[in-house]
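Numbers here are sequence positions counted from 1. Side chains are part of it too, since the values below use all heavy atoms of this structure and drop only hydrogens, waters and symmetry mates. The structure displayed is predicted, hence computed values, not measured ones.
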Amino acid sequence: MVKTGARHIASLNDGRSVYINGEHAGDVSVHPAFRRTVQSTGKLYDFQSRPENLDLMTYQVGENSDLRANRIWQLPRSYGELVERRKALVAWTEIHGGFLGRAPDHVASCISGMYMGIDVFESYDSNRAKALAEYYRYARDNELYLTYVIINPQADRSKAANEQQDPFLTAGVVDQDAEGLTIRGAKMLATGGIMANEVFVTCIQPLREGEEPYAVSFAIPMNAKGLKILSRRSYEQAATSVYDYPLASRFDENDAVLYFDDVKVPWDRVFVNQDTAMCMKQFMATPAHVYQNYQAQIRLMVKMRFLVGIARKIADTNGIINFPPVKETLGKLAAQNNLVDSLVHAMEIKGQSRNGYFIPDTHTLYSAQVLTQELYGQVITTLRELAGGGLIMLPSSVEDFANPELHELIGKTQQSPTSSSEGRVKFFKLAWDAVGSEFASRHSQYEMFYAGANFVTKGHSFRSFDWDSCTQLVDRMLDSYSLEDELKTTKSSAA
């Protein structure tokens, strides 16, 4: 059976140890800090389980199998299958407008990419390769919602993980035996972890000699014994109502630090064991890094459409759509939106087959990351400039409408040529939550750093670019003339 929202929400009441505001959260599906966002993730599964959406959102596993799986686990064999998969991801993303950065399709894309590069794991260790292959199938067949933690705590960045005051500040192997590994320490940033079923734990940062205990890769349930989930402040809980904070109240996927208090990881869940080189290869020598970030660009493509839609409605609501400078601004936003859209389509069209799987073009992907890291902030600033004081001068809360006198004053002071006063307030509340609230600020930070610092993405672009084709053009031009020929011509002219 295809997973439903009710089934997913029920699976989260599994005894996981989530802490927020100094207390154990208990059942996260009913806790006021998480419940609406949990319901939002449930709606993703309800959407896929509708009969009319089955072909869009799922695919048949195996030629003679009745098993259907979500397309987030699909391993495209052709350009056409890659496009089919993208359409499913777009449909899911449109439900949340791109504001769930770690929805189920992100880490599923990462694990699927690793599976596509199973030969890399086979060359490393056949047992670890078998563990990965079996886990991919398990996660796919059980429709697991996965998050991941792949960054070490910041601490003293001038020192390696093994040089910190506490050698187990960063999660690492404290012991191993016939049963598996014992992990102690912390990892970040478990975005979406509160509503996920399991967590993929590894390190994407380059590791040095001496950091082998931290060079691991494994997956465990969020309710694993000894795993503590330390939530950041909940924007959902701080949202006074859905009307006042329509995004923060329903799509605050949350972020958390995970602390591993001697967590036991069985061998059939271990994919890399204390190998710094393989820790990096699992991402860069397989399609994993490309596939997970390709998904992120699909999400951003939808989010850009949402933000550009807000820009247009600001202009309409304020009656400034026919101002030439406003049309100019909207024209630039439209071009920026199309840039992201075109890059997603270009990385598909320029994709290539590898080991029988169709992989989006690597450098086009990294180009998109470099450009969109800077672009997102520019778009948010443009929306602020378009809206002006309209984002600020709004009723204090939905309760103002319950007061007849205030309701009448709102009608007099919140006017628009295209909307009622209630409609204007509702729209600008949404716009503020997208560009100016604490939730929006977190998203600006997220879009800047989810793929790594800017120098990291620029480094990916540098190493994946076809420099030879460019320098060959220069060399060809240089070879088309010479100093000797020029001197001969000069002498001939002088004679």
Side-chain angles (χ1 to χ4, degrees), residues 11-19 24-28 107-108 110-111 114-115 121 124-142 144-153 161-162 164 166-205 207 210-231 256-276 278-279 282:
S11 73
L12 302 181
N13 187 18
D14 57 5
R16 63 188 58 197
S17 296
V18 177
Y19 296 89
H24 190 287
D27 183 356
V28 296
V107 181
C110 174
I111 298 296
M114 287 183 178
Y115 181 83
F121 285 85
Y124 161 63
D125 185 321
S126 59
N127 289 325
R128 300 306 105 229
K130 180 182 178 183
L132 174 65
E134 290 180 350
Y135 185 74
Y136 162 77
R137 289 188 286 268
Y138 172 77
R140 177 198 66 194
D141 296 349
N142 290 277
L144 295 186
Y145 181 169
L146 305 180
T147 186
Y148 62 21
V149 281
I150 58 177
I151 302 294
N152 297 335
N162 60 311
Q164 302 293 327
D166 179 357
F168 287 102
L169 166 65
T170 294
V173 179
V174 69
D175 185 35
Q176 73 174 63
D177 55 26
E179 295 180 9
L181 304 178
T182 300
I183 305 296
R184 181 186 302 166
K187 294 288 289 190
M188 55 187 276
L189 194 61
T191 302
I194 305 299
M195 57 279 308
N197 298 119
E198 299 203 2
V199 58
F200 173 50
V201 184
T202 189
C203 188
I204 198 171
Q205 297 160 295
L207 296 172
E211 294 184 289
E212 286 78 10
Y214 317 101
V216 290
S217 175
F218 60 87
I220 56 171
M222 293 300 293
N223 68 343
K225 182 180 178 181
L227 179 60
K228 295 178 172 63
I229 305 162
L230 311 179
S231 173
V257 171
L258 300 190
Y259 187 78
F260 299 79
D261 190 1
D262 287 4
V263 175
K264 194 72 176 183
V265 182
W267 284 117
D268 63 357
R269 290 300 194 91
V270 177
F271 317 133
V272 177
N273 180 26
Q274 303 181 75
D275 189 304
T276 57
M278 187 58 198
C279 225
Q282 66 180 334

Identify which one of F121, Y135, Y136 satisfies the ring pair (Phe, Tyr, Trp, His ring centres under 6.0 Å) criterion when paired with Y115.
Y136

Roughly how far, to the nearest 0.5 Å, is CE of M278 from OG1 of T202?
9.5 Å

Can you tell me how far the OH atom of Y214 sits from the NZ atom of K187, to the nearest 0.5 Å?
10.5 Å

For [Y], does its backbone N or O pair with a side-chain atom of [X] as donor and acceptor, under 3.5 Å?
{"X": "Q164", "Y": "A161", "result": "no"}
{"X": "N197", "Y": "Y145", "result": "yes"}
{"X": "D177", "Y": "E179", "result": "yes"}
{"X": "R16", "Y": "I194", "result": "yes"}
{"X": "Q205", "Y": "C203", "result": "no"}
{"X": "T147", "Y": "T191", "result": "yes"}

Do D261 and R184 sit within salt-bridge range, that is, some charged N less than 4.0 Å from a carboxylate O?
no

Determine, using ring centers only, whether F271 and F218 are less than 6.0 Å apart.
no

Could you work out, with ring-ring contact (aromatic ring centres under 6.0 Å, His included) as the rule, every residue matching Y19, not counting sequence neighbours?
H24

Salt bridge (charged side-chain N to carboxylate O under 4.0 Å, His left out) pairs touching residues 190-199, sequence neighbours excluded, are E198-R269

Are more than 12 heavy atoms, taken from residues, nucleotides or ligands other than K228, located less than 6.0 Å from that residue's NZ atom?
yes

